[in-house]
Structure formats: C-alpha cells, structure tokens
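Shown next, in structure tokens, is the structure this report addresses.
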Amino acid sequence: MDEEEAELRSPFPSPPSHYNNYTSHNLKLLTLLKERVGDQNADLGIVNQHELLSDQTDVPTWSLAQLEKPRVDWVLEEGHYSVFGDTWFVKETIPSLAELGGHQLYPPDPSVDRRPALLAVLRSMLVTYSNLTNAIVAPPPPPSSSAQPEWQRQLEWITILAQNLMAAANDLRPVQARGNLELMMQRQLELRREETKNIHSQCDTLEARLLELRSSAQEMAGSDQRLTAKPSSSQISTANVSLEDMLRWAEEVP
C-alpha cells in the first residue's frame, strides 16, 4: 500500500494497477449484472454477483462495482475528489486559517474591514516580542519546576500571530493580483498613447516637409516658364540685323 501511495505521488506516476480490470469481458459482465439487478439506484457493491452471474464464466472475485464511472453527484456533494493520491476541490477556494486548524484572530468574512484586527495583531506581536526578550534575559526556573517556561509561551504566541499575518496576506492575493493587472493595463495604455503621439508628431513633420517641397517645386516651375517666354538680348539683336540687311539688299536690287 505504501508503494502504491509513493507511486501515485511521484512526478510521473504509472497508471493504477486496476486498469487491467477494464477488459471487454468484465465490462460485459457489469452490463449484464445491471440488467439482472434491475434497479438503477441499487448499490452493486452489496449484491451477490456470483449468484446473479452463475451462468457466466470468469466472474472476478472482486466487485464489478469498481468498474463503475465516478458519480458526479457524489463528487459535487462532497466538494472534492482524489487524483493520483492528491485531493482536489471542485470549487477552487483559499481555505481560511480556521479551516486549516489554526487560531484565527481576524474576521473570516472578507467583506468586513480587517484593518483594525490586523493592527491589533501587529501591536500584540511587538508587545510579545518585548516580553520574549525579557523572558530570555530572566533567570531560568529551578530544575524541579514543571511549569512551561515563559519564553516558550511567548514564542508560541508569536507563531500564532505570524500565522494570522501570513493568512491575511494570502487572502489579499486576489486583490493584489487585480491591482497589479490594473497597473499593468494602465501602463500599456500610457505606452500606446505615447507611441500614437510620436507617430502623429512624425506625420505632422512629414506633412510640413512635403508642403515645403511642393511650394519650392511650384516656384521653380514658374521661373522656368518666365525664362522660356522672354527672348534673350542676343536673339533680339540678331533679329534686328537680319531685317536691316534684308532692306538694304532690297534697295540694291534694280
């Protein structure tokens, strides 16, 4: 039995040994047993399966009720189930210190403000630590005394107070996780806004640069058109000389 428990609690447990019982023949015997019992709500573990299945062969010595599927209603009623030697709760909850067998000094109801009780626990711990220091420096009791030493009582009380502080801190884990998630989401939102602001700033810079390039291109195009429309002085002088020569040649012609 100890070997089976150790095997179930190992990091990579082997299948339970009773998986070999789930053969086709045994499952058929279980179905036939249910049919012959007739009552669907009957407990198969208490019926005489050898008497009801006397006409069958290879009826196992162990109860065929072991092949039944787990009753979900029983699991929900009990609130927990066992898998590989560990107990798992149907509804995941953080057990309180009182449920774990400890001495709880703060209200169990999470809706009640626990700060006054926790402040009282903290003050009590400081006072107990001071008493523990005095008990340590005090002379020891005589050897014949059977009373519990003072330092031991103070140490036990400090242990109880520390358990209450740790349990109260564990109860606040969901609140802490929710607060951390909110801070992380706010930080992500701020980063998104900063990145969006930087993108808009770069877009504005690019738009201003494009406007400058467009205006400079339009100015260059206008100056080229004016240069093309106005003739140069050399062209004008050449045109005047050619006209005078033509007139003189015309007078010289008889």
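What you see is a predicted model, and the numbers here were worked out from it, not measured in a lab. The basis for the numbers below is simple: all heavy atoms, side chains too, and nothing from hydrogens, waters or symmetry mates. Residue numbers count from 1 along this sequence.
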Checklist entry - Side-chain heavy atoms under 4.5 angstrom apart, residues restricted to Ile, Leu, Val, Met, Phe, Trp, Tyr: same cluster for L161 and L172? => result no
Checklist entry - Which residues satisfy the side chain to side chain donor-acceptor pair (under 3.5 Å) test with N48, sequence neighbours excluded? => result E51
Checklist entry - Given side chains that start at C-beta, do those of V121 and Y106 come closer than 4.5 Å, heavy atoms only? => result no
Checklist outcome for this item: The complete set of salt bridge (Lys or Arg N to Asp or Glu O under 4.0 Å) pairs with one or both residues in residues 158-185, sequence neighbours excluded, reads R114-D171
Checklist outcome for this item: Those residues at least two apart in sequence (or on a different chain) that pass side chain to side chain donor-acceptor pair (under 3.5 Å) with Q148 are E156
Next on the checklist: Could you see if I136 belongs to whatever hydrophobic cluster contains I158? Use Ile, Leu, Val, Met, Phe, Trp, Tyr and a side-chain cutoff under 4.5 Å.
Outcome noted: yes
Checklist entry - Ignoring hydrogens and geometry, is there a side-chain-to-backbone donor-acceptor pair from T159 to L155 under 3.5 Å? => result yes
Item to check | Spatial distance of atom OG (S63) from atom CG (L30) [nearest 0.5 Å] | outcome: 9.0 Å
Item to check | Side chain N164, main chain H103, donor-acceptor under 3.5 Å | outcome: yes
Checklist entry - CD/Q104 to CG/L100 distance, rounded to the nearest 0.5 angstrom? => result 9.5 Å
Next on the checklist: Quick one: does any side-chain atom of E194 pair with a main-chain N or O of L189 as donor and acceptor, under 3.5 Å?
Outcome noted: no
Checklist outcome for this item: Members sharing L181's hydrophobic cluster, built from side-chain contacts under 4.5 Å between Ile, Leu, Val, Met, Phe, Trp and Tyr, are M184, M185
Item to check | H50 NE2 to L64 CG distance, which is reported to the nearest 0.5 Å | outcome: 8.0 Å
Next on the checklist: Between E99 (side chain only) and S96 (backbone N and O only), is there a donor and an acceptor less than 3.5 Å apart?
Outcome noted: yes
Item to check | Sequence-distant partners of D73, side chain to side chain donor-acceptor pair (under 3.5 Å), two or more places apart | outcome: R71
Item to check | From L183 atom CG to Q188 atom CD, the distance as rounded to the nearest 0.5 Å | outcome: 11.5 Å
Checklist entry - Salt bridge check: are R187 and E190 linked by an N-O gap of less than 4.0 Å? => result yes
Checklist outcome for this item: Residues at least two apart in sequence or cross-chain that pass side chain to side chain contact (heavy atoms under 4.5 Å, CB included) with P149, listed by chain then number, are W151, Q152
Checklist entry - Do the side chains of S130 and L126 get nearer than 4.5 Å, heavy atoms only? => result no
Item to check | Qualifying residues under salt bridge (Lys or Arg N to Asp or Glu O under 4.0 Å), relative to D113, sequence neighbours excluded | outcome: R115
Checklist entry - Which salt bridge (Lys or Arg N to Asp or Glu O under 4.0 Å) pairs, counting each pair once, include a residue from residues 133-152, with sequence neighbours left out? => result E150-R153
Checklist entry - Are L118 and V127 joined in one hydrophobic group, where the rule is that I, L, V, M, F, W and Y side chains link up if heavy atoms are under 4.5 Å apart? => result no
Next on the checklist: Once salt bridge (Lys or Arg N to Asp or Glu O under 4.0 Å) is applied, what residue pairs with a partner in residues 75-84 remain, sequence neighbours excluded?
Outcome noted: none
Checklist entry - How about Q154 and N134: do any of their side-chain heavy atoms sit closer than 4.5 Å? => result no
Item to check | hydrophobic_cluster_shared for L52 and L27, side chain cutoff 4.5 Å | outcome: yes
Next on the checklist: Can you pull out every salt bridge (Lys or Arg N to Asp or Glu O under 4.0 Å) where at least one residue sits in residues 124-134? Sequence neighbours excluded, please.
Outcome noted: none
List, one per line, each side-chain donor-acceptor pair under 3.5 Å for residues 204-214, sequence neighbours excluded.
unit_1	atom_1	unit_2	atom_2	d
T205	OG1	S201	O	3.0
R209	NH1	E212	OE1	3.3

Next on the checklist: Same cluster or not: V75 versus F89, using hydrophobic residues (I, L, V, M, F, W, Y) connected whenever any side-chain heavy atoms lie under 4.5 Å apart?
Outcome noted: no
Item to check | Y22 atom OH, neighbour heavy-atom count above 12 within 6.0 Å | outcome: yes
Checklist entry - Does the side chain of D58 come within less than 4.5 Å of N26's, by heavy atoms? => result no
Checklist entry - Which atoms form the tightest heavy-atom contact between L105 and I160, and what is the distance? => result CD1-CG2, 4.5 Å
Next on the checklist: Test of understanding: with side chain to side chain donor-acceptor pair (under 3.5 Å), list the residues that count as partners of Q66, not counting sequence neighbours.
Outcome noted: none
Item to check | Q49 and R36, any side-chain heavy atoms less than 4.5 Å apart | outcome: no
Next on the checklist: Using a 3.5 Å distance criterion without hydrogens, assess whether the side chain of N180 forms a donor-acceptor pair with backbone atoms of Q176.
Outcome noted: yes
Next on the checklist: Are the side chains of P60 and L29 in contact, using a 4.5 Å heavy-atom criterion?
Outcome noted: yes
Item to check | Distance-only side-chain donor-acceptor flag, T128 / N131, under 3.5 Å | outcome: no
Next on the checklist: Counting only heavy atoms from other residues, nucleotides and ligands, does the tally under 6.0 Å from CH2 of W88 exceed 12?
Outcome noted: no
